[in-house]
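Contents: one structure, followed by commentary.
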Amino acid sequence: MEDFLQNLLNGIAAGSIYALIALGYTMVYGVLKLINFAHGDIFMIGSFVGFYAGRYMARHATGEAASLGSAALVLLLAMLVCGIVGYLNERIAYRPLRNAPRIASLITAIGVSFLLEYGGQMVFGPDPKFFPTLVEKKIIHLGTITTTNYQFIVLAVAIVFMGLLQYIIYGTKFGRALRAVSFNFETASLMGIPTDRIISMTFVLGSMLAAVAGILYGLSYPKIDPLMGIMPGLKAFVAAVLGGIGNVPGAVVGGLLIGIIESFVGGSQFSSYRDGIAFVILIVILLFRPSGLFGRYEPEKV
Amino acid sequence: MSPVLAIHDLEVAYGTIAALHGISLEVEKGEIVTLIGANGAGKTTTLRTISGLLKPRKGDITFDGRSIVGSKPHIVTKMGVSHVPEGRGIFANLTVRDNLELGGYLRKDKITAQEYERVFTLFPVLKERIRQSAGTLSGGEQQMLAISRALMSRPTVLLLDEPSLGLAPQMVQTIFRVIREINAEGTTILLVEQNAHMALVTAHRGYVMETGRIVLTDNTKALLASDRVRKAYLGG
Ligand SMILES: Nc1ncnc2c1ncn2[C@@H]1O[C@H](COP(=O)(O)OP(=O)(O)O)[C@@H](O)[C@H]1O
Ligand SMILES: [Mg+2]
């Protein structure tokens, strides 16, 4: 029973990071029907901004209040930088290909991904770095399970940002326009919606969520390197497909499920298959339910 | 008086295949002008080019005397041209209210209670359905929603692409009655139809299109009386 709760808690914490990344995949797919393979690398950039900013802050801020304040500042800075990178990614790499065959954008996405990964190795250096301690770590005993304040921070921050996203999508004029563009690009433009601007904003929002994930990841697993985005990126992609690509709540559920399943596999006798399970899930969904848990199946438009 | 909407020598192609071979057409302020023609004649292509969804190979389109060729669709909408696309283009995943609100996307002010009342007067059924997902509406109700939505931007010119397509006769009557009412209140209308009879009794003037060319234009009385129109479009 302890094991069960422990695995569940670890899984939810890891899963909420996947969920934050998966949201970016799914939102971009929603508006452009494009799998933005560079998205995992934006997450990596978020982590690195957190690394440099956190190190700087650590030297210049002391005390608990200051540390919370500077952690928030680090988070905002990472979001800002990733927002800009995401914006430029769309503007420079994808927009010129908007009317080209879809395979062109897909290949470009893979190219951008390589650019960020190996560009990252050039700029940040290829060696792993230790993510600074943004917040003092505390061990918490909850009955028989042991956890840290980090897991609760991860959970709380993830919930806040998912709540914000939920509000933006379902409670604002921009969100209504975003849903319209996702449903039908052309008709949305006939409403007077500047579709290009909505698409740019979608990339910015998704990238900001990836930045949040990058910081939370750095906090939880404090070894970061320029290729760190590949695995979480792929798993978050699987999470988005599991939830139904293009479906926002689906991405959250998919992320949590992947996190939880991984955690249980990791805690079992099959622990060496931990990293592979996500791909088994992907194959199973693609075979039996390509629309995911919550997606409607839409045959490819001709 | 100069026309509010004018098309001059417009050529549009899909890839290398031309769909419009240099058409010209004018709509005066306050008119209902209809563009009729068989399936594949190029009616939808014409409307989509006006609203900026397609770029012409050649020719000009002016709105209020200014060229709008090359303008993005949202800019054309902003200038005062509202396009109800073929197939209605309802956002099925959104509520009826959200659809109407999106119609007013460009407005600085909110859609007023009176404007909602106006829509509900034109189409009472939309009032009952206002919170429903638009995908649950019947075809006729979706057409009502599409027209109401297009009015929310307070357009000068309304482009309607086959509003009667697939609707029951009763519903067709309703839609055409509302088209006349909207026009009577001052909105200029360019109406594309395959239902030539209804279009010709509703509009003031008409253009007849065949395989990408305008082959005939006149006031609708004359068109209804013309042998050519009667043979080809009115079943005798
Ligand atoms: N997306 C498209 N790609 C290629 N050809 C098209 C496309 N849309 C329409 N066409 C062709 O252009 C011509 C005019 O079509 P359209 O404007 O839809 O006619 P209408 O609305 O009068 O039925 C037809 O020959 C049609 O096959
Ligand atoms: Mg048509």
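Heavy atoms only: backbone and side chains are in, while hydrogens, waters and symmetry mates are out. Below, read A as the first sequence line, B as the second, and so on, with proteins coming before strands; counting in each chain starts at 1.
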**Request:** Give a yes or no on whether B:His8 atom NE2 has more than 12 heavy-atom contacts from other residues, nucleotides or ligands under 6.0 Å away.
**Result:** no

**Item:** Trace of the side-chain contact (heavy atoms from CB on, under 4.5 Å) decision for B:Leu94 with A:Phe183
**Value:** CA-CA 9 Å; B:Leu94 272 65; A:Phe183 188 78; 5.5 Å; no

**Prompt:** Is there a donor-acceptor pair closer than 3.5 Å between any side-chain N or O of B:Thr77 and the backbone N or O of A:Leu190?
**Reply:** yes

**Request:** Tell me, yes or no, whether the heavy-atom count around A:Tyr170 atom OH, taken from other residues, nucleotides or ligands under 6.0 Å, exceeds 12.
**Result:** yes

**Request:** Would you indicate whether B:Lys127, at its atom NZ, is surrounded by more than 12 heavy atoms from other residues, nucleotides or ligands within a distance under 6.0 Å?
**Result:** no

**Request:** Quick one: which of B:Ser82, B:Ser51, B:Ala92 has the most heavy-atom pairs under 4.5 Å with chain A, could you say?
**Result:** B:Ala92

**Request:** Report yes if the side chains of B:Asp98 and A:Arg179 come closer than 4.5 Å at any heavy-atom pair, otherwise no.
**Result:** yes

**Message:** Around atom CZ of A:Phe279, are there more than 12 heavy atoms from other residues, nucleotides or ligands closer than 6.0 Å?
**Reply:** yes

**Asked** Is there side-chain contact between A:Thr187 and B:Arg149, with at least one heavy-atom pair below 4.5 Å?
**Response** yes

**B:Met152 and A:Met191, any side-chain heavy atoms less than 4.5 Å apart** = no

**Prompt:** Within a reach of under 6.0 Å around NZ of B:Lys110, are more than 12 heavy atoms found that belong to other residues, nucleotides or ligands?
**Reply:** no

**Message:** More than 12 heavy atoms of other residues, nucleotides or ligands under 6.0 Å from CZ of A:Phe288: yes or no?
**Reply:** no

**Asked** Using non-hydrogen atoms only, which part of B:Ile75 is less than 4.5 Å away from chain A: side chain, backbone, both, or neither?
**Response** neither

**Check ion pair B:Arg48-A:Glu186 (N to O, under 4.0 angstrom)** = yes

**Request:** Pick one of side chain, backbone, both or neither for B:Lys72, based on which atoms fall under 4.5 Å of a heavy atom in chain A.
**Result:** side chain

**Request:** Could you look at B:Ala150 and say if it's the side chain, the backbone, both or neither that has a heavy atom under 4.5 Å from chain A?
**Result:** neither

**Close side-chain approach of A:Pro194 to B:Tyr105, heavy-atom, < 4.5 Å** = yes

**Asked** Has B:Ile17 got more than 12 heavy atoms of other residues, nucleotides or ligands less than 6.0 Å from its CD1?
**Response** no

**Item:** B:Arg177, CZ: over 12 other non-hydrogen atoms inside 6.0 angstrom
**Value:** yes

